[in-house]
Student: 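If you scroll down you'll find the structure; I have some questions about it.
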Amino acid sequence: MSTEINNIAVLTSGGDAPGMNAAIRAVTRTALYHGKRVFGVYRGYEGMIENDIVELSSSSVKHILALGGTFLKSARSQEFRTLEGRAKAAKNLRDRNIDALVVIGGDGSFTGALKLAEEHGIKVIGVPGTIDNDLFGTDYTIGYDTATNTVIESVDKIRDTASSHNRLFLVEVMGRDTGYIAASTGLATGALSIILPEKKNTYEELFSDLRSAQANKKTSNIIMVAEGNHLGDIFEIASAVRKEFPSIDVKVTTLGHTQRGGSPSTNDRVLASVLGHYAIKGLIEGREKVMSGMINQKVVFTPLEDAISKTTELDYEMLTIAKILAT
Ligand code: F6P
């Protein structure tokens with residue numbers, strides 16, 4: 001039985017991330033360069049089930065390098081979580097003689113890819129695309145750099161008005177399970193406190209930071225709050241602060257999905273181009289069920305299983321440095 005790959009599908013799945021288009025372009029053009037046919041699957045696994053699949057040419061991916069979002073669109077599919085859904089999806093690939101699939105996404109997307117590989121023998125390879133930076137096997141995920149740049153651009157503006165009005169701003173950033181965005185942007189914007197899902201932050205600690213700031217005559221402050229933190233909803237945190245410090249004028253800003261949009265940064269374009277390119281090289285060399293990632297400037301392939309289940313611990317020193325520098 002020949003193991004040669006001829007027809008390759010590519011999809012984006014889960015939360016979109018700036019640089020996904022650059023990754024699709026890299027996958028498509030590298031595969032075409034190696035004489036393979038390429039198929040784009042619209043709306044992730046949802047589109048695979050609904051047979052929303054088109055063949056891509058080099059010109060299908062022209063002028064997308066600089067675009068945010070994903071032109072293939074993305075979705076979180078409930079039906080693909082079922083055996084029947086995956087069987088329908090696999091049939092649509094088989095009907096086109098598609099023997100390999102490149103999945104650009106995060107942990108949920110890779111979990112789906114592994115199931116497709118195990119149940120239907122499709123060769124799968126992952127490319128890390130999520131603003132959350134929460135995948136093991138790569139120093140950075142595609143989209144993280146742009147998202148953090150978006151955050152600091154907004155927080156710098158918030159800082160201007162906070163300073164003019166002597167206000168405290170609680171700024172909520174994305175990160176349901178991990179606080180990479182909050183930690184790095186907190187350090188980069190001089191946040192007084194950084195509240196993260198990974199840490200058991202307490203009100204005593206937060207109030208003590210605020211007291212130190214008052215003692216140091218700091219008149220305006222930023223508190224960076226990751227959405228998945230354990231203290232609670234950002235509005236609850238704001239109420240608790242108002243109760244403890246009635247003299248402080250507390251405001252809340254939720255940056256929300258602004259963090260997921262925008263033209264990708266140089267770093268994200270480079271990362272997406274390299275990892276998309278290597279995903280195809282990896283497939284051609286016979287790799288499967290792995291993710292292409294970049295560690296210390298070198299491309300590495302990590303089993304999808306590890307990329308999903310293992311974690312790279314957050315650099316807690318960043319929090320210490322942020323605190324020393326902000327108080
Ligand atoms: O997948 C990344 C992420 O941005 C999380 O940080 C966030 O919690 C989630 O997506 C939001 O997803 P949705 O767009 O489906 O609300």
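This one's a predicted model, so the numbers in the text were calculated from it and none came from an experiment. We count ligands from 1, going down the list as the structure has it; atoms in each ligand are counted the same way.
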Student: Got a list of side-chain donor-acceptor pairs under 3.5 Å for residues 127-142, not counting sequence neighbours?
Tutor:
| residue | atom | partner | partner atom | Å |
| --- | --- | --- | --- | --- |
| T130 | OG1 | D132 | N | 3.0 |
| N133 | OD1 | T141 | N | 2.9 |
| T138 | OG1 | Y140 | O | 2.9 |
| T138 | OG1 | M294 | N | 3.0 |
| T138 | OG1 | M294 | O | 3.4 |
| D139 | OD2 | N296 | N | 2.7 |
| T141 | OG1 | T130 | O | 2.6 |
| T141 | OG1 | N133 | N | 3.2 |

Student: With sequence neighbours excluded, give me every side-chain hydrogen bond (donor to acceptor under 3.5 Å, both in side chains) pair touching residues 25-42.
Tutor: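 Residue pairs passing side-chain hydrogen bond (donor to acceptor under 3.5 Å, both in side chains), neighbours aside: E4-K36, R29-S58, T30-H277, R37-E55.
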Student: In terms of relative ring orientation, are F80 and Y45 parallel, tilted or perpendicular, with 30° and 60° separating the classes?
Tutor: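 Aromatic pair F80/Y45 classed parallel.
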Student: Any side-chain donor paired with an acceptor under 3.5 Å for T161 and S164?
Tutor: no
Student: Name every donor-acceptor pair, under 3.5 Å, that has one atom in a side chain of residues 250-258 and the other anywhere in the protein, sequence neighbours excluded.
Tutor:
| residue | atom | partner | partner atom | Å |
| --- | --- | --- | --- | --- |
| T258 | OG1 | L255 | O | 2.6 |

Student: So does E285 have more than 12 non-hydrogen atoms from other groups sitting under 6.0 Å from CD?
Tutor: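 Result for CD/E285: enclosed.
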Student: I'd like a table of the close N/O pairs between ligand 1 and the protein (anything under 3.5 Å), one pair per line with both atom names and the distance.
Tutor:
| residue | atom | partner | partner atom | Å |
| --- | --- | --- | --- | --- |
| ligand 1 | 4 (O) | R260 | NH1 | 3.2 |
| ligand 1 | 6 (O) | D132 | OD1 | 2.8 |
| ligand 1 | 6 (O) | D132 | OD2 | 3.1 |
| ligand 1 | 6 (O) | G175 | N | 3.2 |
| ligand 1 | 6 (O) | E227 | OE2 | 3.3 |
| ligand 1 | 8 (O) | E227 | OE2 | 2.3 |
| ligand 1 | 10 (O) | R76 | NH2 | 3.4 |
| ligand 1 | 10 (O) | R260 | NH1 | 3.0 |
| ligand 1 | 12 (O) | R76 | NH2 | 2.9 |
| ligand 1 | 12 (O) | R260 | NH1 | 3.4 |
| ligand 1 | 14 (O) | H257 | NE2 | 2.8 |
| ligand 1 | 14 (O) | R260 | NH1 | 3.1 |
| ligand 1 | 14 (O) | R260 | NH2 | 2.9 |
| ligand 1 | 15 (O) | R76 | NE | 3.1 |
| ligand 1 | 15 (O) | R76 | NH2 | 3.1 |

